[in-house]
Amino acid sequence: MNLRTFNALGKRGVLGINCRNSEYIMRSNPRSAFPLVDNKVLTKRLADKFDIPVPPVYHLIEHHGDIHKLEAKIAGKPDFVVKPARGAGGKGIILVADRQADNFVTPGGTILSKADLDFHISDILSGIYSLSGLDDTAIIEALLHPAPVFAQVTYAGVPDIRVVVYRGVPMMSMVRLPTRASDGKANLHRGAIAAGIEITSGKTLTAVYHSAVITHHPDTGNPVGNIQVPYWERMLLIAASAFDMTGLGYIGVDMVIDSERGPVLLELNARPGLAIQIANLDGLRRRLDLIEAAPAAIFATAETRVSWAMQTFGASRQ
Amino acid sequence: MTLNRYIAAIVISLLVLPAILISYRVISLGYPLFPATPERVWQISLDARISGPADGATAIIALPSYKQGITLLEEKITEGPLDFSLQTEGQNRYAIWSGATEHEGTPVSYSATFIAKSRYPAPAAAAVNSYPEGVDRAEQTLAEKLVSDKKTLSFTERIKAIAPAATGNWDTSRLRAEDLEKWSVIQNRLGSVKALLVLFRAAGLQSNMVEGLALEENVSSKTDTWIEVWTGTSWQIIMPETGIIHQRTGAFLPLTRFGMPAVRSINGEVSDVRWSLNRQIISQWGIQNERVGSSDRLLNRWSLFRLPPQFQNTFRILILVPLGALIVCVLRNIVGFPTFGIFMPVLMALAFRNTGLLAGLGIFAAVLLIGYLVRNSIDKLRLLLVPRLSVILTLVISCFIFFALVGNKLGVREFMAIGLLPFVILTLTIERFHIIIEEQGILEALRTSAGSAAVATITYIIIQLEPLQLTFFVYPELLFAVMALQTLLGRYTGYRLMELFRFRQLGESNEPKNL
Ligand SMILES: Nc1ncnc2c1ncn2[C@@H]1O[C@H](COP(=O)(O)OP(=O)(O)O)[C@@H](O)[C@H]1O
Ligand SMILES: [Mg+2]
């Protein structure tokens, strides 16, 4: 850690958090658009308008008095997900994979009674999982079944794909793969791994595990690189249109590839993290500069932005 | 970049404004540039008794004077029934009492507070070497002969070579015995002081005989006499009895120069003379207060020193809190060290003023630990946010009471001062601590604790620095400069030091590892 590393990071075009905040987020993300991404109900409504697929909503619960209506809404649905509209970091999300008589079973095998679930929803409504501590809405939505593409490199849980978009141009991407250590969650600081995805080809690169660069999944031992992500162009289009949806210039778009529906938008993030640079072994700064210098014509539609990105952002290993 | 120019303009104005105000205060209002440089404040008092024949006596007593290189703050003279006047002769200043005295003598007194400077002013060019009165030509020639071999030395070395002549312990190897013999006769006749002075002057050194007092807490009935010699850059003081050289002229208070006696009388006598010197306990705050309080200039009338004293104390501390915030900025935005909440460490630092640093940190850690254990066990109860925080708040207050009672039992004052810790902040910190452990692991939680403790400690040390407090109190406009630095930090878009570590993979040309 010295001046040399300082310069090396600069040359590599690594984006630091100070620079991200002051030069990009503060400049391109209007405060007024933040509620659109911080509240998943608003995000879903917006996505519907733009014909972007989201997990179908079975029911929204806003008042404690309405919790008893849940039963009727999920009748005949073997699996579903309960999540707080304003949650973050995976908190307060319960996946129900199966039902046994009156009880609910999570993918990890935990059994919840009806009363447990009601109590959890009541917690969500009083804002326990909401960042601001405000009253919240509970979303009951369909459980997604991840397509098998990443099955060889996932220990358990649902891998999600993140695309970071600047001025509507997808510029860097990664897939977060749960590990045994991460307890099936896709949070990097809990020990999940993240593999970079090359924008031009949609193929995975090496991965980062606890800030070390790796080529094989730590649990399954299978290679993480060179996996072709299906529906790649469609996913980039979804990511690109998130800009048109929200007006946020700098945004992280999280998607899951469902085995039946294909790419589905999970959530948007107005302050996407910087670890994606380690997964791609490349800095964001250079790509940001390229987008700022791009001819105005490429910004015309989501399609033109995606095709420009797919020509421009190849893996840049030295 | 217009934004950058705009920022630069703001930062420059924020720096120029205090610069102008401070220059104005220093130049026009006579403020000290560094109000906190340690100054030596002394009180001198003189008591004497003047008696004389019926037609009146006159006593002339030397007083300290700014021309002798000190700063006088305050003087008090009791004239009594006598006429009193002040007279200045060159660097010397005299009090003259005259008139008919009582039978057993009329008491007079004088007292002053002054600041001794570490350096006396340079000599006036005119005052160069002439021999003192009563030294004849032959004696002068002999003195010149004795020191002729020292004239090749530098001024400082020359002083070193000649000063021991006071005791006869100087290097006489190249001198003739009969010359030395003759000199010792002269020495006896002139007295040790004058004889040494003649030698210095014969060696071409600018030198004076000075009568005055050594600056020590002392009461004495007579003054001391010494010789001061100019080295070309500063004065050195040579004690004529011992030949000892003092470099620090600030340790002496000169009263008269050029051989004038400090106490004289015409037509009468001065008896029971008593000089006393005391180190003054009036603090620097007092000095500034007096300086500012006695002036009607606008900036002085609007000074913090004009606040009633009980309110001044708060501002002495508050005025340094922005420096604590500045440190938080540096630690978070340049180093990238995490802290609980943004200004939590600053509030802790303020509280440490009552508990002391170590006790404060210890109590804080203890309450945090107890709070965390309880928070962890009530997690299962799944309480809602507001009631949950209320429970922790109640716990924190209970801890405070417990610590205070234990402190009272054991007589530990620091524990009893615990009530001044910011309990709301502590409550929120316990909650944050729990969440960080849950979400990012114990390591991150400990790192955040360390970061908070570090900022609190640094801030505590800074706000306790009296010289800094005083400087900001005298020049509150310095806060604009602090704001300028904060603004600059707000535009620092470079890497944080922690990021150099976080992204080290990208800095190296690396080969992927296989696990
Ligand atoms: N409908 C769903 N089907 C399957 N898994 C889901 C679903 N919704 C969320 N998840 C899982 O939970 C994680 C967090 O969900 P997300 O909607 O991103 O909420 P948060 O804002 O808390 O991150 C996802 O990465 C995914 O693994
Ligand atoms: Mg998420």
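As the structure is a computational prediction, the values presented were derived from the model and not from experiment. Below, all heavy atoms of this structure are taken into account, side chains as well, without hydrogens, waters or symmetry copies.
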Could you tell me if A:Arg31 sits above the aromatic ring of A:Phe34, with its cationic atom closer than 6.0 Å to the ring centre and no more than 45 degrees from the axis? yes
Answer with side chain, backbone, both or neither: which region of A:Ala275 has an atom nearer than 4.5 Å to a non-hydrogen atom of chain B? both
Passing candidate, side chain to side chain donor-acceptor pair (under 3.5 Å) with A:Asn18, options B:Arg332, B:Arg496, B:Arg491: B:Arg496
Which bit of B:Glu438 comes within less than 4.5 Å of chain A, counting heavy atoms only: side chain, backbone, both or neither? backbone
Identify whether NZ of Lys or CZ of Arg in A:Arg20 sits under 6.0 Å from the centre of the six-membered ring of A:Tyr24 and within 45° of that ring's axis. no
So, the part of A:Lys91 with a heavy atom under 4.5 Å from chain B: the answer is side chain
Side chain from CB out, backbone as N, CA, C, O: work out which of these in A:Leu15 comes under 4.5 Å of a heavy atom of chain B, or both, or neither. backbone
With rounding to the nearest 0.5 Å, note down the distance linking CG in A:Leu266 to CG in A:Asp254. 7.0 Å
